[in-house]
Amino acid sequence: SYVSDQLETSFSSPWQSMVAGHPELRRDVLEFRRMLEGHTARLAAQRATESDMARLRNMAALLQSAHEAKDLNALSKADAAFHQAIADAAHNAMFSHLLGSLFTMMRTHVHDNIANLFAQGTVSADLLEQHLAVFRAIEARDASAAQTAAEAHIDFVERTLIRMRDESEREARSARRAGGLSSALPDPWR
């Protein structure tokens, strides 16, 4: 099966509008990704051909290289390509097209998420290890482990993004309080 740009565009346009207009849906997108990517990893472990496995090995190597180089653009492209290769290895055209349209729609969001996660110290290494765990489970033809690893990856991304958002909100509240206090109280140094 082949993923057509025209089909991806027809799927992604309404999704793009929906998510762009409602940032609170990002959690829903992650929930959808968890279901979709978990199931495609399970199917890939069951159905991948030797050609699919060669492509997945190549994608895993690209992820490692981008991680080691700390190249965010290469990392975001390799991340999307890795997940697409898994969907293609599931040998279900609908899953392949859905994931392709999802990543087309979310390309900027995925890049920003990776940039934010990459800045969180060990998170980048954790993400790489999670991707490699999915790959290893598919390579071992362990469908259950592949699904579990893919779902755990999305769970980790969601938890980390929530933690980052919460920390950012606390910082913003602290800054507002500090700004409010400094203007409301006399400056003791004057």
Side-chain angles (χ1 to χ4, degrees), residues 1-5 7-8 11-12 29-107 109-118 120-161:
S1 65
Y2 298 93
V3 177
S4 159
D5 289 341
L7 185 57
E8 281 185 20
F11 271 131
S12 65
V29 171
L30 285 170
E31 182 178 49
F32 179 72
R33 280 187 60 193
R34 184 183 194 277
M35 180 273 311
L36 180 63
E37 292 179 34
H39 196 68
T40 57
R42 171 178 282 283
L43 292 176
Q46 295 168 341
R47 299 175 178 175
T49 65
E50 204 38 56
S51 175
D52 295 324
M53 291 310 304
R55 182 176 172 205
L56 285 168
R57 276 186 214 95
N58 184 45
M59 294 298 109
L62 287 174
L63 280 168
Q64 285 185 291
S65 295
H67 169 76
E68 290 165 6
K70 296 182 177 11
D71 183 338
L72 295 179
N73 286 329
L75 195 57
S76 63
K77 287 178 184 174
D79 186 289
F82 176 75
H83 289 287
Q84 185 64 55
I86 292 170
D88 293 345
H91 290 275
N92 180 308
M94 290 304 297
F95 288 137
S96 186
H97 289 302
L98 278 171
L99 197 65
S101 67
L102 181 65
F103 275 101
T104 297
M105 171 197 69
M106 292 179 38
R107 192 158 283 137
H109 184 251
V110 168
H111 181 273
D112 292 346
N113 281 350
I114 289 173
N116 289 332
L117 293 171
F118 200 77
Q120 294 293 307
T122 64
V123 171
S124 176
D126 292 339
L127 290 172
L128 176 62
E129 181 51 40
Q130 291 162 17
H131 284 112
L132 295 178
V134 175
F135 167 69
R136 286 190 297 267
I138 292 170
E139 188 175 45
R141 304 294 185 180
D142 187 337
S144 182
Q147 182 170 358
T148 299
E151 290 171 350
H153 166 61
I154 298 297
D155 292 344
F156 174 82
V157 169
E158 182 177 24
R159 281 191 315 273
T160 304
L161 290 173

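Bear in mind that the values here come from a model prediction, so they are computed numbers and not experimental data. Just so you know, residue 1 is the first one in the sequence shown, and it goes up from there.
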Shortest non-hydrogen contact between [X] and [Y], atoms and distance:
X	Y	result
F95	A87	O-CB, 4.1 Å
L36	L99	CD2-CD1, 3.5 Å
H67	L75	N-CD1, 4.0 Å
D79	L63	N-CD2, 3.6 Å

Non-hydrogen side-chain atoms of [X] and [Y] separated by less than 4.5 Å:
X	Y	result
E158	R34	no
L56	E139	no
S96	H91	no
I86	E37	no
L102	F32	yes
Q84	M59	no
I138	M53	yes

Notebook entry, point to check: Is it true that the side chains of T49 and D52 contain a donor and an acceptor less than 3.5 Å apart?
Noted result: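 Distance-only check passes for T49 and D52.
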Checklist line | Q130-D126 side chain donor-acceptor pair, cut-off 3.5 Å | finding: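 Result is no, nothing qualifies.
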Next item on the list: Determine whether more than 12 heavy atoms belonging to other residues, nucleotides or ligands lie under 6.0 Å from atom CD of Q64.
Entry: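 Atom CD in Q64 is crowded, with more than 12 foreign heavy atoms closer than 6.0 Å.
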Check: Would you call the rings of H153 and H131 parallel, tilted or perpendicular, where under 30° means parallel and over 60° means perpendicular?
Finding: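 Tilted.
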Please report, to 0.1 Å, the donor-acceptor pairs under 3.5 Å made by any side chain of residues 41-48, with sequence neighbours excluded.
from: R42; atom 1: NE; to: Q147; atom 2: OE1; distance (Å): 2.4
from: R42; atom 1: NH2; to: Q147; atom 2: OE1; distance (Å): 3.2
from: R47; atom 1: NH1; to: A90; atom 2: O; distance (Å): 2.9

Note to self: Between N58 and R55 (side chain of the first, backbone of the second, donor and acceptor by atom type, cut-off under 3.5 Å), is there such a pair?
What the structure shows: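 No: the side chain of N58 does not pair with the backbone of R55.
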Next item on the list: Working to the nearest 0.5 Å, report the span between OG1 of T40 and CG of L98.
Entry: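 The distance works out to 10.5 Å.
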